Amino acid sequence: MRRRGRDEKFPDNGFEAWGGYMHAKIAKLEEQFSARAGREDIITNIFNGVSIYVNGFTIPSADELKILMTKHGGIYHTYQRSNDYIIASNLPDTKFKNMSLVKVVKPEWITDSISSNRLLDYRDYLLYKNSRTQRQLNFNKVLKNDDSFLSETKSFNCESVSLFPNEIQNTVLAEHNIDGMTMHKNEIESKPIPNDSVPSTSNTILLEKREENNFVGVGVDINQYKQSTVAKTAADPNFISEFYNKSRLHHISQLGASFKQHVNDLRENSNFLFPAREDLKKSILSTFDYNNFSQLKFEKNKVIMHIDMDCFFVSVGLRNRPDLRGKPIAVTHSKGGQARTTRPGVDRNTEFGLYKQKQMKKLGIATGKPEDEIVFETRVDNITDEDDKYGSMSEIASCSYEARAKGIKNGMFMGAALRLCPDLQTIPYDFDGYKEVAYTLYNTIAQYTLDIEAVSCDEMYVDCTELLADMNVNVQSFATMLREEIKHKTGCPCSTGFGGNRLQARLATKKAKPDGQFFLTEDLVEDIIFEIKLSDLPGVGRQTAQKLESLGHVTCGSLQTLTLATLKCQLGIKTGAQLFDQCRGRDPTPLTFHTVRKSVSAEVNYGIRFENENQCIEFLKQLSAEVHSRMQQYKVLGKCITLKLMVRDEEAPIETAKFMGHGFCNVINKSSSLSTATNDIEIITREVISICKKQNINPKEMRGIGIQVTKLELLNSKPSKGSISKFLSNNKVVVKKETEVKSEPISESKILEVAESIKKPTTNESCGSTSPKKSPVAKRRGRPPKSIKTQLSSKNNSMNKFLQSQNVTRDLPYKDPMKKNVSKEVPHNVEQPRPKGLLGLPWDKVRELLRAWLESGQSPLQCDVDMIVDYLQEMVVNKNTEKLFVLMNFLRRMTKEIGRNDWLKVYDHVTEQVQNAMVAVYGKRLFISD
DNA sequence: ATCCTCCCCTAC
DNA sequence: TAAGGTAGGGGAGGAT
């Protein structure tokens, strides 16, 4: 049936010519995939008649258990069936509360049975015995039975490596990160193991620890937990952790950040070989060879993929509730949808009225329209009926497509949603599940490429150009296989969009959803973009959309009639230029594969109710501790501390409409700049309290508090073994400080700008009759906007981190911008200004460094390769060809001597990059012998 | 001009 | 009841 969907959704994009052939082929591929992933040869019949369902994290992983089960005659269910044994290492409170515990069994039951070659009594492996209160503590057990447990997992991993090598490697990394993410809260001081020790064993222990701690907050007895009172307001000492445990937005944010870091880590530790590509390629080539076709189609253009799980929270939740599939479902804290009581003092009308007024004021000023013409749309506007007055104000985190069909949207209040759809059913949050599925998603993609820009836990951009060229696979086949693999592994559907840039890819995903794929080819862009709503453009939110609508524009096609200057006037220089590009389907912003954190913050705008100043100060201390703990986790110091306060507006009712919400507030931001960067908890606390006191606010009126630290510096970095960074730090190389040069991607609008300025250099860009502004070109004359350097390949890396920690910034002498080189094709990896490691070094030092690197006997790290490329390209720019020639030949000789494939690949890569630079600067290649 | 502070907006 | 966080980009306007 999905195939029919595809027919409808896919206009003529070049593939329809293949007609039924493509369908037959894709069906074949799907079949092959499931054979590859699932049906291994059956070795024994140990598990005859046994079916399992795996819940949560286990070691071995669900994937591995699946293979074991099928190999040994058992059945693995992706969704839980009534007769399944539930395999789990741990079940969170909420889960096992509602579950018959009779058949919840530890994964060792499977592995032990296999090693004994017979089905062992599952009762010896029950995760919980008798009642909840007598729950076995896994943590202790693991530590006690250390040896036997560890040897099992070890031997298992040895066996499984040959099945999914990449995956296992990645899973190990994933577990690292999970630990890192939750550990700080529970204040476990043990750190993730280094990569070169035996991974599965150490991780096992950490994982168990983590789960145990998550379960009860700080690893105390469960009875104790049950007895402790619920933290109602921020005056309660347990409030922060309880709030964060339940805050969806907090989890979304933290998961997002951790996956950005995950991609950083994967890239830094990868050898950039992707064996999984071969598997995929083989299974595709074995059916038909259409190399020529795909090559012809794609070799010239960049292919960006956007991938996104479909209503993520719902999909994850439904894995355990197949009975709810196909129904209108929402994930929310609320169960009944009814507010339990009406609190005295609640006045929704006044509160909502204030929100409306504010919006009106904003738009009134912006548009100059009379008030009654303005259409309002605020969040609380969803509730207008008397019926809703007592409805639940619990927010819907995610809803199924069946619910969306009734008009329900994410973020809507439960009461309002029930009005639209009375039979809406709710399912609880499953934050562990989201994490687990997200890791599987990321690690699946990472088997094929690491040219990934993480957007959030369930969404990313992937540059597939190199991947598709290398595999000789066309976009549609790749998408089909990939989506099938993800659904197979996670039990959740996803959608992918492809296009020539990130905007196109994203718009394609919108067309693909749900559970589909779409390739927005170049020839389709112009037609499709015309009808796209401005509010569907990324970066255009409610405010911008309303503003544009007030200017008379709802679709991209309509906005195309506005000039660049007009847009800039109305929306600001950057936003205007961006919209100018976007509404034409253009997007010059490259993907960023490596992210650098710029701020750390923690805020709570829920449950803030203080009776006196002491409670407020106490909370500020706790929140400072939270920020401090995060700074430690991220290993950063900060120079600027900002306190954000939400204070009840004079006119707002004291009792908020939403229980413990912040109501209608005024927001205050005050910052304090320190002379030196710090992560000292005392200093942070002191500054925060001092700022707060200065504001002279009645603690009773406070409704929200946040602390943010910016102007970050890295605390230090541990250079990885065998890397150039290590070598540098061992040799105590000191590099002098330089100034930064910012790099900017070149956009269509920018080219246009330049063109216009040539035509009429004295153009006055200002709109209306306000003061004249300088043209952007004139503005930029003082500092050249872009050097050749930034147009060439360069990446951030561990070396840079090290140097950054030494307060080294970029050394980049300005060279003439290569005007002829300015094109709309921007390299995918241009990044923020960052330190440049080798550039401050004497040339001979670099050769010494190269030699040490080559002779280290290790596999080359991509980050080091990137650094070398940076350095060599800089030599090209500096016209230092003689020494470049020497270094290139040196590199060729050495890599040849080593003779290993990975090093030869490095040489090829470096050569290619250097030659690119040569062509850009000199218009010809460097002559290198051989 | 450029930087800094205090916002606002957007995204998940 | 209910868990309205967090990071990044950008603009206005004042200080330098």
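The chains referred to below are lettered A, B, ... by the order of the sequence lines, with proteins before strands, and numbering in each begins at 1. Please read these numbers as outputs of a predicted model, since none were measured by experiment. Every heavy atom of this structure was used, including side-chain atoms; hydrogens, water molecules and symmetry mates were not.
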Is the phosphate of [N] approached by [X] (side-chain N or O, under 4.0 Å from OP1 or OP2)?
X: A:S392; N: C:dA2; value: yes
X: A:H250; N: C:dA3; value: no
X: A:R630; N: C:dT6; value: yes
X: A:Q254; N: C:dT6; value: yes
X: A:K335; N: C:dA2; value: no
X: A:K598; N: C:dG9; value: yes
X: A:S599; N: C:dG8; value: yes
X: A:R248; N: C:dA2; value: no
X: A:Y244; N: C:dT6; value: yes
X: A:S601; N: C:dA7; value: yes
X: A:S247; N: C:dG4; value: yes
X: A:T575; N: C:dG11; value: yes

Aromatic rings A:F431 and A:Y429: how do their planes relate, parallel, tilted or perpendicular, breaks at 30° and 60°?
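Answer is parallel, since the angle falls under 30°.
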
Specify whether A:H262 and A:F259 have parallel, tilted or perpendicular ring planes, treating 30° as the upper limit for parallel and 60° as the lower limit for perpendicular.
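Perpendicular: the ring planes of A:H262 and A:F259 meet at over 60°.
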
Find the distance [X]:[atom1] to [N]:[atom2] and express it as a whole number of Å.
X: A:I396; N: C:dT1; atom1: CD1; atom2: P; answer: 15 Å
X: A:E395; N: C:dA3; atom1: CD; atom2: P; answer: 6 Å
X: A:R597; N: C:dA7; atom1: CZ; atom2: P; answer: 5 Å
X: A:I573; N: B:dA1; atom1: CD1; atom2: P; answer: 13 Å
X: A:K232; N: C:dA2; atom1: NZ; atom2: C1'; answer: 11 Å
X: A:Q695; N: B:dT5; atom1: CD; atom2: P; answer: 15 Å

Encode nucleotides 7-12 of chain B as B, S and - characters from 5' to 3', where the letter depends on protein heavy atoms closer than 4.0 Å: B to the base, S only to sugar-phosphate, - to neither.
S-SSSB

Across the strands shown, which category fits [X] at heavy-atom distances under 4.0 angstrom: base, sugar-phosphate, nothing?
X: A:G572; answer: sugar-phosphate
X: A:K711; answer: sugar-phosphate
X: A:A257; answer: nothing
X: A:G663; answer: base

For A:T332 and A:Q708, find the nucleotide of DNA chain C closest to each by heavy atoms; which residue's nucleotide sits nearer the 5' end?
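Result: A:T332.
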
Any pair with a residue in residues 637-646 of chain A that passes salt bridge (Lys or Arg N to Asp or Glu O under 4.0 Å), sequence neighbours left out, goes on the list, sorted by first then second residue, please.
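For residues 637-646 of chain A, and leaving out neighbouring residues, the salt bridge (Lys or Arg N to Asp or Glu O under 4.0 Å) pairs sorted by first residue read A:E603-A:K644.
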
According to a cutoff of under 5.5 Å between the ring centres and under 30° between the ring planes, does A:H333 stack with the base of C:dA3?
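Not stacked by the 5.5 Å and 30° rule.
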
Within the 4.5 Å heavy-atom criterion, are A:P538 and A:R502 side-chain neighbours or not?
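When only atoms from C-beta onward are counted, A:R502 and A:P538 do not touch, as no gap falls below 4.5 Å.
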
A:R609, A:H662, A:R348 screened by side-chain hydrogen bond (donor to acceptor under 3.5 Å, both in side chains) with A:T656, the one that passes
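The option that passes is A:R609.
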
A:T509 pairs by side-chain hydrogen bond (donor to acceptor under 3.5 Å, both in side chains) with which of A:E459, A:H306, A:Q504?
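Filter result, single survivor: A:H306.
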
Salt-bridged, A:E351 to A:K658, with N to O below 4.0 Å?
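Not counted as a salt bridge, because no side-chain N and carboxylate O are separated by less than 4.0 Å.
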
Taking the six-membered ring of A:Y634 as reference, does the NZ or CZ atom of A:R597 fall below 6.0 Å from its centre and within a 45° cone about the axis?
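Here A:R597 passes the 6.0 Å and 45° test against A:Y634.
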
